[in-house]
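This report refers to the structure that appears directly beneath it.
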Amino acid sequence: MVKWAGAVLGFIFFRYPGALLGFILGSLFDGASSNKSSSINSAFKTRKEVSPGDFELNLLSLASIVIKADGHVNQTELIYVRQYFVSSYGKDHANAIFKTFNEVIKKREVSAQRICFYLSQRTRYPSRLQIIHFLFGIANADGVVSEAEAREIELMSGFLRIGRHDFESIKAMFFKSADNAYKILEIDKSASNAEVKKAFRNMAKKYHPDKVQHLGDAYVKGAEEKFRTVQKAYEQIQKERGM
């Protein structure tokens, strides 16, 4: 401690009066350092996190924006959202949630930017990746993701501070294209075999279901779906290249 070091130095130079003065000054320094450390620890402990109820409500609000993106409310997409919440929270809780959802759907103005900013400050990055995957799942419930829906989800992705490569990777899971396997692994077709293997390992870690286990069963299942899609993309590239 600084107070004892001050006492020793004070004694060496000024004997007992110096020791006393050094102890007092050192104690003041220790107190200031302790308060600073306490303030830092307190800041981390009181860091705001989204409550389950707030998370559900905000997720439903984003879902309502995607559902209404192409100008009408699609019943297939509504059913998808309902099944997702039943799977995650059980039938009784899902019914209670959907009473609120029906009100949200009827509202004309829901700010995606405000909601996404709120969530980006209070959720982990893997959780936000799962939100984007969930929103694409809604859009694809009727068999096709419209341009309007994809545009809305892309905007939300930006507001949620999702990396561009991560967004394109998730988007590629819902679109058929010649190079979508490479997009899913976030690499170019010109990547070497070693780079393909490395990309697969990285993506497998990023989308491991354990990263969203705290969100509930439905989100774990969503992560497992992404995990399997990454595996299929890798296997497709392996087959094409004879790896």
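Nothing here was measured: the structure is a model prediction, and the numbers come from that model. Starting from 1, each residue takes its place in the sequence as its number.
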>> Taking ring-ring contact (aromatic ring centres under 6.0 Å, His included) as the definition, give me every residue that meets it alongside Phe167, ordered by chain and number, with sequence neighbours left out.
In response: Phe136
> Which value, rounded to the nearest 0.5 Å, describes the distance between Ser120 atom OG and Ile115 atom CD1?
Replying inline: 12.0 Å
> With Phe200, which residues qualify under ring-ring contact (aromatic ring centres under 6.0 Å, His included), at least two apart?
Replying inline: Tyr234
> Between Ala69 and Ala148, which heavy-atom pair has the shortest distance, and what is it?
Replying inline: O-CB, 3.6 Å
>> For Gln113, give me all partners under side-chain contact (heavy atoms from CB on, under 4.5 Å), at least two apart in sequence or on another chain.
In response: Ser111, Phe159
>> The criterion is side-chain hydrogen bond (donor to acceptor under 3.5 Å, both in side chains); which residues satisfy it with Gln83, sequence neighbours excluded?
In response: none
>> Please give me the minimum heavy-atom distance between Leu119 and Arg128, naming the atom from each residue.
In response: O-CD, 4.3 Å
> Which pairs pass salt bridge (charged side-chain N to carboxylate O under 4.0 Å, His left out) with one or both residues in residues 139-158, sequence neighbours excluded?
Replying inline: Glu154-Arg164
> Asn202: what forms a side-chain hydrogen bond (donor to acceptor under 3.5 Å, both in side chains) with it, not counting sequence neighbours?
Replying inline: none
> Please, which pairs that meet salt bridge (charged side-chain N to carboxylate O under 4.0 Å, His left out) have at least one residue in residues 180-191, sequence neighbours excluded?
Replying inline: Glu186-Lys206
> Would Gln130 and Lys226 satisfy side-chain contact (heavy atoms from CB on, under 4.5 Å), going step by step from the backbone distance to the final call?
Replying inline: CA-CA 9 Å; Gln130 184 58 30; Lys226 290 201 299 293; 2.3 Å; yes
> Which distance, rounded to the nearest 0.5 Å, do you find between the CG of Leu155 and the CG of Leu160?
Replying inline: 11.0 Å
>> Rounded to the nearest 0.5 Å, what separates atom CD1 in Ile170 from atom CD1 in Ile184?
In response: 10.5 Å
>> I'd like to check the salt bridge (Lys or Arg N to Asp or Glu O under 4.0 Å) partners of Asp70; sequence neighbours left out, ordered by chain and number.
In response: none
>> Looking at every non-hydrogen atom in both residues, tell me the closest pair between Met156 and Val66 and how far apart they are.
In response: CE-CG2, 3.9 Å
> Should Cys116 and Leu62 count as side-chain neighbours, where that means a heavy-atom distance under 4.5 Å?
Replying inline: yes
>> Which residues pass the side-chain contact (heavy atoms from CB on, under 4.5 Å) test with Arg228, not counting sequence neighbours?
In response: Glu224, Glu225, Gln231
>> Does anything in residues 233-242 form a salt bridge (charged side-chain N to carboxylate O under 4.0 Å, His left out)? List the pairs, not counting sequence neighbours.
In response: none
>> Show, in sequence, the C-alpha distance, side-chain angles and deciding distance for Leu60 and Phe85, and conclude whether the side-chain contact (heavy atoms from CB on, under 4.5 Å) test is met.
In response: CA-CA 10 Å; Leu60 286 172; Phe85 274 81; 3.6 Å; yes
> Taking only residues two or more places apart in sequence, or in another chain, which ones meet Ser192 in a side-chain hydrogen bond (donor to acceptor under 3.5 Å, both in side chains)?
Replying inline: Glu195
>> Is the shortest side-chain heavy-atom distance between Arg161 and Gln121 below 4.5 Å?
In response: yes
> Where do Ala199 and Ile187 come nearest, in terms of heavy atoms and distance?
Replying inline: CB-CG2, 3.5 Å
> Which atom pair, heavy atoms only, marks the closest approach of Ile153 to Ala139?
Replying inline: CD1-CB, 4.2 Å
> Looking only at atom types and distance, does a side-chain atom of Ser61 sit under 3.5 Å from a main-chain N or O of Leu57, one as donor and one as acceptor?
Replying inline: yes
> With a 4.5 Å heavy-atom cut-off, do Phe55 and Arg122 have their side chains touching?
Replying inline: no
>> Quick check: closest heavy atoms across Ala172 and Asn180, and the distance to 0.1 Å?
In response: O-ND2, 3.4 Å
> Do Leu135 and Ile138 pass the side-chain contact (heavy atoms from CB on, under 4.5 Å) test, and can you show the C-alpha distance, the side-chain angles, and the key distance before you say yes or no?
Replying inline: CA-CA 5 Å; Leu135 296 175; Ile138 296 170; 4.2 Å; yes
>> Less than 4.5 Å apart, side chain to side chain, heavy atoms only: is that true for Tyr80 and Phe134?
In response: yes
> Does some side-chain heavy atom of Val230 sit less than 4.5 Å from a side-chain heavy atom of Met173?
Replying inline: yes
>> Is the shortest side-chain heavy-atom distance between Val81 and Ile67 below 4.5 Å?
In response: yes
> Heavy-atom count around Phe175 CZ within 6.0 Å, excluding the residue itself: above 12?
Replying inline: yes
> Hey, what else clusters with Val144 if you join Ile, Leu, Val, Met, Phe, Trp, Tyr whenever side-chain heavy atoms sit under 4.5 Å?
Replying inline: none
>> Just verifying a value: how many Å separate Ile162 CD1 and Ile131 CD1, rounded to the nearest 0.5 Å?
In response: 7.5 Å
> Can you check side chain to side chain donor-acceptor pair (under 3.5 Å) on Arg114 and Asn58, steps first, answer last?
Replying inline: CA-CA 10 Å; Arg114 179 184 58 78; Asn58 283 291; 4.9 Å; no
